[in-house]
Amino acid sequence: MRTDKTIGGLDAAAGAGPLLEARGLHKRFGRSEVLHGVDFSVRRGEKVCIVGPSGSGKTTLLRCLNLLVEPTCGQLFYKGAHIGEWPGGVKVNVGRYRSRIGMVFQHFELFPHLTALRNITLGPRHVLHEEKAAAEKRAMELLARVGLERFATAHPRTLSGGQKQRVAIARALAMRPDLILFDEPTSALDAEMVDEVLNLMRRLAEDGMTMVIVTHELSFARDVADRVVVMEHGAVVEEGAAETMFSAARSQRTRDILRVGARR
Amino acid sequence: MSSQTLVDLLRGGVVTLKIACGAWVVSAVLGLALAVLQDLGIAPVRAVQSSLVIGLRSVPQLVLLYLLYFGLGAVGIQVNSILAAILALGIADAAFSAEYYRAGFMTVPRTQREAGFSLGLSPVGVMMRVVVPQTIPFVVPPLLNSFVGLLKTATLAAAVGAPEILYRGQNAMSRTGQLVLVMTVIIVLYVAATMPLTRAVAVLERRVRSHAHG
Ligand SMILES: Nc1ncnc2c1ncn2[C@@H]1O[C@H](COP(=O)(O)OP(=O)(O)OP(=O)(O)O)[C@@H](O)[C@H]1O
Ligand SMILES: [Mg+2]
């Protein structure tokens with residue numbers, strides 16, 4: 001049972017439609033357009049991997065989805081409710097909307113002035129207004145879940161990259177999000193730490209979490225993804241079920257991208 | 001010098017310290033508020049505010065002090081000289097403190113704010129929970145420096161008759177005629193109060209720097 005307060009469409013039970021849907025997203029930075037009309041959607045429980053070369057707009061797409069940047073053009077729907085329309089603007093409480101969507105960053109972005117535990121309790125305490133004791137109890141459970149219960153009082157600078165990213169994932173989970181966006185969560189890690197993070201993400205996937213993952217880890221994408229979206233030059237060049245994409249992608253470019261990555 | 005004169009000077013020193021501490025708190029709090037508002041502000045608000053900050057920085061403290069003490073008196077609000085000095089010096093100094101905070105805010109990467117926003121924090125929440133706490137170590141040394149400055153500018157309060165160290169020194173000089181002796185005592189007291197503070201600032205600055213790089 002969820003105990004948090006509900007408002008309007010953001011908490012409506014999802015119908016048959018997508019959990020989150022973007023239609024015709026354009027994003028312009030100054031004079032350069034970096035997204036050229038991207039359609040994107042994710043269903044509840046679905047795992048979508050986004051792949052594509054550097055600069056293709058993957059990060060920008062994720063940041064549009066949780067409104068860290070506002071699209072220049074396009075529409076956003078969440079559980080069927082209209083979140084925003086551009087040109088125009090956001091139609092809901094942005095903070096409330098973002099609190100439903102976890103985000104895991106390439107460079108972790110743990111808060112350096114807080115311990116691992118406080119990093120995890122910050123959102124629950126100050127966004128969800130949970131009691132301190134309850135928030136801490138749950139944070140300890142989450143630390144145990146990511147295998148770091150001994151590090152509750154550790155400051156981020158004393159943790160390894162893999163440990164930092166696991167705390168960052170616990171921080172996202174603490175908000176009980178409906179979905180989590182991952183932006184190249186293992187790209188900044190030394191090789192020997194990649195697996196501890198990918199394994200944790202595999203377990204999240206098995207637990208049914210809805211996940212949108214930008215990644216260059218193609219074998220992970222093949223294992224975990226239900227759907228693969230290939231981006232290039234600010235557009236989706238091809239998307240489809242993971243099995244078909246890795247065996248019989250339509251375009252040569254997709255086959256190149258998926259295979260080129262496989263050698264990494 | 002009579003022990004009475006010395007006690008009198010020391011009492012004045014306590015008043016000076018009171019004014020400096022009070023003004024420092026006003027400056028640190030008001031400076032933070034100004035810097036946060038400026039950071040959150042929309043463009044026109046920001047423009048008004050930065051001209052206010054520039055204005056505050058260009059007006060001599062003594063003018064502000066007269067304005068508060070005599071100006072408020074003229075409109076029927078009686079403030080005592082010590083309180084007037086605390087407010088005037090604090091407000092004038094806040095313009096500088098605001099700059100220290102703003103410089104500190106710039107040391108916090110944009111991605112840290114984004115991490116806060118992604119949790120659902122409001123802009124104010126991101127400032128108070130993510131940005132400001134990371135800024136504190138950077139602003140403590142310059143704020144301590146400005147305290148040393150305030151200890152000195154606190155003597156301006158003599159101009160409105162606050163019984164601080166210089167005011168009492170002037171009285172002692174005209175009473176005893178021992179100009180050099182009284183001045184020497186004041187200087188010694190000042191050096192004794194300022195030296196440990198200056199040392200502390202140096203140590204803190206070194207620590208912040210090594211921390212930031214570590
Ligand atoms: N804030 C910004 N201002 C201006 N240009 C930007 C901004 N953010 C991204 N861009 C540009 O948009 C394009 C797409 O960037 P984006 O970060 O979305 O690509 P990406 O697919 O995530 O690449 P990578 O694999 O390197 O992370 C790039 O050319 C980038 O320089
Ligand atoms: Mg990117």
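The figures that follow rest on heavy atoms only: side chains count, while hydrogens, waters and symmetry mates do not. Chain identifiers are assigned alphabetically (A, B, ...) following the order of the sequence lines, protein sequences preceding nucleic acid strands; residue numbering begins at 1 within each chain.
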Verdict with reasoning, His126(A) to Met128(B), per side chain to side chain contact (heavy atoms under 4.5 Å, CB included): CA-CA 11 Å; His126(A) 301 293; Met128(B) 300 323 276; over 6 Å; no
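- For the side-chain contact (heavy atoms from CB on, under 4.5 Å) criterion with Leu119(B), the lone passing option out of Arg98(A), Met103(A), Arg171(A) is Arg171(A).
- For chain A, the nearby parts of Thr111(B) are the backbone and the side chain; heavy atoms of each come within less than 4.5 Å.
- Interface remark: Phe105(A) contributes side-chain atoms only to the contact with chain B (heavy atom separation under 4.5 Å).
- Remark: Phe147(B) CZ is packed, more than 12 non-hydrogen atoms of other residues, nucleotides or ligands lying under 6.0 Å away.
- Residue Leu122(A) touches chain B through its side chain alone, counting heavy-atom pairs closer than 4.5 Å.
- Counted within 6.0 Å of NZ on Lys18(B), heavy atoms from surrounding residues, nucleotides or ligands total 12 or fewer; the atom is thus considered open.
- Within the 4.5 angstrom heavy-atom criterion, only backbone atoms of Leu110(A) (N, CA, C, O) approach chain B.
- Between the side chain of His113(A) and the backbone N or O of Val132(B) there is no donor-acceptor pair closer than 3.5 Å.
- With values rounded to the nearest 0.5 angstrom, Glu109(A) atom CD is found 13.0 Å from Arg113(B) atom CZ.
- Arg57(B) CZ: more than 12 foreign heavy atoms inside a 6.0 Å radius.
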